[in-house]
Each structure stands twice: as structure tokens, then as C-alpha cells.
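First comes the structure, then the notes that go with it.
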Amino acid sequence: MSIDPRVALQSLTSALEEHLAAASARRGDGDPAVEAAFFAVADAFEVYDDSLYEAYGEVTPLEVIDDDSDEDEEDDLDDEEDLEILQDSDQN
């Protein structure tokens with residue numbers, strides 16, 4: 001079941017507006033309302049991006065950042081391996 005990209009965009013816009021409202025009313029670091037709004041934006045964005053791709057074969061130039069430091073280290077290793085492969089192919 002695919003979602004109309006326009007509907008997904010409206011949900012993303014609403015999530016962004018709610019995040020702005022939560023951020024402007026922030027009650028200190030780690031405010032649970034801001035954190036909940038943050039994750040709502042991330043979720044709404046992923047739904048929008050997926051629906052855009054399903055409907056039109058397009059994606060946005062944006063990416064949800066995952067704050068998992070272990071995964072970042074793995075990504076760095078993958079990048080280094082990719083660089084080595086490119087360097088090896090350039091030498092041939």
C-alpha cells in the first residue's frame with residue numbers, strides 16, 4: 001500500500017511545524033517534547049522520501065542522520081575499503 005506523496009508531504013510539513021513549536025517552548029536540555037518531535041520529523045521524512053520514490057522514482061537530497069557511533073565507525077571502514085578498490089582500479 002503506497003502513500004500519495006502529497007499526503008506524506010503534508011505530514012512532514014506538520015511534523016516540522018510541531019518540531020518548531022516544541023523547540024521554541026523547550027524546557028531545557030533533553031526536553032522530551034522536543035525529542036518526540038525530532039523523531040516524528042525523521043519518521044515523516046522517511047515516509048515522504050519512500051512515497052516519492054515509489055510514485056516517481058525520485059528521492060530528496062536529504063538523509064536522516066543516525067546517531068549510532070558504532071555504525072559511523074563501520075561506515076568509515078566501508079569508505080576506506082571503497083577508496084582502496086578505486087585506487088586499485090585506477091592503477092590497472
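The chain is numbered in sequence order, starting from 1. Reckoned from all heavy atoms, side chains included, excluding hydrogens, waters and symmetry mates. Only a predicted model underlies this, so the values are computations on that prediction, with no experimental measurement involved.
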### Message
Checking one residue: Tyr53. Which other hydrophobic residues are in its cluster under the side-chain 4.5 Å linking rule?
### Response
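Tyr53 clusters with Val59.
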
Report, one line per pair, each donor and acceptor closer than 3.5 Å where one atom sits in a side chain of residues 5-22; sequence neighbours left out.
residue : atom : partner : partner atom : Å
Ser11   : OG   : Val7    : O            : 3.3
Thr13   : OG1  : Leu9    : O            : 2.9
Ser14   : OG   : Gln10   : O            : 3.1

#### Entry: CD1/Ile65: more than 12 non-hydrogen atoms of other groups inside 6.0 Å
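Atom CD1 in Ile65 is not packed in, count stays at 12 or less.
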
### Query
Listed by chain and number, what are the side-chain contact (heavy atoms from CB on, under 4.5 Å) partners of Glu63, not counting sequence neighbours?
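Result, side-chain contact (heavy atoms from CB on, under 4.5 Å) vs Glu63: none returned.
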
Compile the donor-acceptor pairs under 3.5 Å between side chains in residues 32-49 and protein atoms, sequence neighbours left out, one pair per line.
residue : atom : partner : partner atom : Å
Asp49   : OD1  : Thr60   : N            : 2.9
Asp49   : OD1  : Thr60   : OG1          : 3.1

#### Entry: With sequence neighbours excluded, residues passing side-chain hydrogen bond (donor to acceptor under 3.5 Å, both in side chains) with Asp31
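side-chain hydrogen bond (donor to acceptor under 3.5 Å, both in side chains) list for Asp31, sorted by chain: Arg27.
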
